[in-house]
Amino acid sequence: MKNRALQLVLLSVALLCGADVRAQDMEDGEAPRRIRTAAEMPKVAMSADRFVEVVAADVPGDPVGFRLPILQFTTRLLREVERVYKLSMPRGGPGLVIHALEGKTNDVRVIARALRRDGAALTRVWLPSPGYSDLEQLRFSIVKAYFHAWIDRNRPADADGPAAPVPDWMVQGALRALNGEQVDADKHAVLDLWSTAAMPYFPRLCEKLQTGTERDAVFAGYIVSWMREKKIFRRMLEDFAAGRAFDGARLAFDLTGETDPEQQDKASDERLVRLTRSVLSPGRATPWDIKVFASRLLLYPSEFDKNIGANGPSCTFREAIALAGENPAIREAALKKAREIPFSAIGRGPALAEVSESYRKFLVALARGDGAEVLTPLLDAAEAQMQEMVNED
């Protein structure tokens with residue numbers, strides 16, 4: 001097993017060295033080390049703005065090979081980044097060169113190296129096995145290369161010292177924030193954490209952002225989508241270009257408008273409260289929507305510091321059936337809830353709207369003073385519909 005692993009490492013190194021030699025042959029005009037046929041010679045496909053180059057030999061039976069598909073994939077991704085984050089790349093030579101190798105290996109890595117050529121930032125990316133490369137890692141490498149070049153090409157003339165690097169979590173977050181469904185999923189995931197008191201203290205979260213899977217990726221996507229809403233993403237890249245390194249305290253201030261850490265955390269909570277009332281996925285009820293709707297299936301007194309029923313400041317709908325006859329506050333609370341509950345389902349799909357209407361009919365009957373023989377079947381029907389939605393999710 002160890003010998004096999006060593007062979008793979010050596011093979012990868014050999015391929016990388018070969019790619020470097022081939023690329024250098026093209027740049028410097030040096031003669032290749034052996035005579036190759038025309039089909040074996042690496043060729044270049046270049047984007048219209050000359051920022052992206054894809055270098056690959058022809059594939060037998062396919063004159064385009066890997067060059068055109070990789071170039072189209074890369075340029076489409078970068079145009080979307082530019083559109084979403086309001087960026088444009090100053091003209092210049094290539095900033096990203098992708099080498100699609102022969103594919104005679106099971107190495108699916110995406111190997112990126114940032115360097116400088118002719119005084120400008122350049123990123124080289126090697127795909128040892130282009131047809132099987134890790135697609136998400138390729139997307140990450142492409143966008144990171146773009147930000148690296150953008151920062152370098154937007155350096156102020158009077159800047160002191162080198163540019164600051166863009167943090168990897170910003171690259172990961174920027175990719176996630178390109179997709180509306182992913183943005184909603186990240187918001188829902190953060191709301192789930194917050195609702196169970198698992199959300200980090202907001203100023204500390206801004207200081208500790210990092211790349212990763214699951215929670216780290218969710219936080220990166222959530223913060224970048226918030227940065228996008230506040231229109232500060234480009235300004236942060238400009239700060240990096242001016243040599244100002246990432247500062248978590250500055251990020252917390254930019255997002256909340258508060259300087260005091262306690263107030264920053266409070267502002268974060270207030271934003272999350274607003275998100276609980278927002279329709280994040282129009283036309284359908286997400287698990288989070290169902291969870292929030294279910295949390296509102298309680299009756300509360302119309303005045304603060306008052307109890308309703310026998311168990312304190314709230315009671316369930318089932319308890320209310322037994323208590324309504326002897327407690328007029330139950331009927332008053334039911335009428336108020338009957339007016340409120342439809343708003344919890346607006347925009348969240350027909351299934352939740354039907355559940356809401358069933359609960360509304362029960363609450364109207366409860367407020368009217370109907371007896372248990374009417375109320376119990378109405379509540380049973382509403383709860384059965386609710387349970388069906390829960391089971392589906």
Side-chain angles (χ1 to χ4, degrees), residues 84-86 169-170 173-174 176-209 215-236 248-298 300 302 304 313-314 336-337 339-349 351-353 355-356 359 389 393:
V84 169
Y85 298 106
K86 306 295 187 291
W169 69 263
M170 273 185 65
R176 293 174 76 89
L178 290 177
N179 183 293
E181 290 186 3
Q182 185 64 64
V183 169
D184 293 342
D186 287 342
K187 288 178 179 177
H188 283 131
V190 169
L191 285 169
D192 277 331
L193 291 169
W194 177 67
S195 67
T196 57
M199 186 72 178
Y201 184 59
F202 185 69
R204 188 174 301 116
L205 171 63
C206 290
E207 294 279 359
K208 301 296 184 181
L209 288 162
R215 281 185 33 148
D216 287 336
V218 164
F219 288 145
Y222 173 72
I223 292 296
V224 171
S225 69
W226 194 355
M227 292 166 61
R228 179 183 168 188
E229 292 172 24
K230 299 287 285 187
K231 297 180 171 58
I232 63 172
F233 191 91
R234 179 191 173 107
R235 201 220 64 215
M236 287 192 67
R250 173 72 184 277
L251 174 61
F253 168 75
D254 287 339
L255 292 176
T256 65
E258 302 288 348
T259 55
D260 180 70
E262 293 297 327
Q263 293 302 313
Q264 291 171 352
D265 193 55
K266 181 180 178 182
S268 171
D269 287 343
E270 290 171 350
R271 169 182 164 82
L272 292 168
V273 169
R274 291 193 297 273
L275 287 178
T276 64
R277 304 188 186 115
S278 302
V279 180
L280 298 179
S281 302
R284 68 184 183 92
T286 66
W288 170 257
D289 293 327
I290 296 170
K291 179 179 179 180
V292 171
F293 182 87
S295 73
R296 292 171 176 161
L297 300 179
L298 293 170
Y300 297 90
S302 56
F304 290 110
S314 68
K336 182 179 180 182
K337 180 66 70 171
R339 293 168 178 161
E340 293 174 352
I341 203 164
F343 292 98
S344 301
I346 290 176
R348 295 174 172 86
L352 190 58
V355 172
S356 172
Y359 277 112
M389 286 202 72
D393 289 302

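Index from 1, following the sequence.
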Nearest-0.5 Å distance that lies between atom [atom1] in [X] and atom [atom2] in [Y]:
{"X": "L205", "Y": "F219", "atom1": "CG", "atom2": "CZ", "answer": "5.5 Å"}
{"X": "R250", "Y": "T259", "atom1": "CZ", "atom2": "OG1", "answer": "13.0 Å"}
{"X": "L297", "Y": "S356", "atom1": "CG", "atom2": "OG", "answer": "9.0 Å"}
{"X": "I341", "Y": "I346", "atom1": "CD1", "atom2": "CD1", "answer": "12.0 Å"}

Could you check whether any side-chain N or O of R274 sits under 3.5 Å from a backbone N or O of L272, counting only pairs where one atom can act as donor and the other as acceptor?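 Checking the backbone N and O of L272 against the side chain of R274, no donor-acceptor pair under 3.5 Å is found.
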Keeping the roles fixed (side chain from R348, backbone from D289), state whether a donor-acceptor pair exists under 3.5 Å.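 A pair under 3.5 Å: no.
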Begin from the C-alpha positions of D269 and F202 and carry the test side-chain contact (heavy atoms from CB on, under 4.5 Å) through to its verdict. CA-CA 9 Å; D269 287 343; F202 185 69; over 6 Å; no
How close do [X] and [Y] get, heavy atom to heavy atom, and via which atoms?
{"X": "R176", "Y": "V183", "result": "O-CG2, 4.0 Å"}
{"X": "Q264", "Y": "A252", "result": "OE1-CB, 3.4 Å"}
{"X": "G221", "Y": "D186", "result": "CA-OD2, 3.5 Å"}
{"X": "R296", "Y": "S344", "result": "NH1-OG, 3.3 Å"}
{"X": "D254", "Y": "K230", "result": "O-CE, 3.5 Å"}
{"X": "K187", "Y": "S225", "result": "CE-OG, 4.4 Å"}

State, without any angle test, whether S268 and D265 hold a side-chain donor-acceptor pair at a distance under 3.5 Å.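 Their side chains do not contain a donor-acceptor pair, so the 3.5 Å distance test is not met.
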When you compare the side chain of [Y] with that of [X], does any pair of heavy atoms fall below 4.5 Å?
{"X": "Y201", "Y": "K208", "value": "no"}
{"X": "R215", "Y": "L193", "value": "yes"}
{"X": "M170", "Y": "M236", "value": "yes"}
{"X": "R228", "Y": "F233", "value": "no"}

Can you check side-chain contact (heavy atoms from CB on, under 4.5 Å) on M389 and L352, steps first, answer last? CA-CA 8 Å; M389 286 202 72; L352 190 58; 3.9 Å; yes
Going through the distances and angles, do K291 and D192 end up as a salt bridge (Lys or Arg N to Asp or Glu O under 4.0 Å)? CA-CA 9 Å; K291 179 179 179 180; D192 277 331; 3.6 Å; yes
Should we say atom CZ of F343 is surrounded by more than 12 heavy atoms from elsewhere, each under 6.0 Å from it?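 12 or below, so no.
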Do other residues, nucleotides or ligands put more than 12 heavy atoms under 6.0 Å from R204 CZ?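 It does not: R204 CZ has 12 such atoms or fewer within range.
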The test is side-chain contact (heavy atoms from CB on, under 4.5 Å); show your working for L251 and L209 and say whether it passes. CA-CA 11 Å; L251 174 61; L209 288 162; 3.9 Å; yes
Criterion side-chain contact (heavy atoms from CB on, under 4.5 Å) on D184 and W288, from CA distance to verdict: CA-CA 11 Å; D184 293 342; W288 170 257; over 6 Å; no
Are the ring centres of W194 and Y222 closer than 6.0 Å?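 Judged by ring-centre distance (under 6.0 Å), W194 and Y222 do not meet the cut-off.
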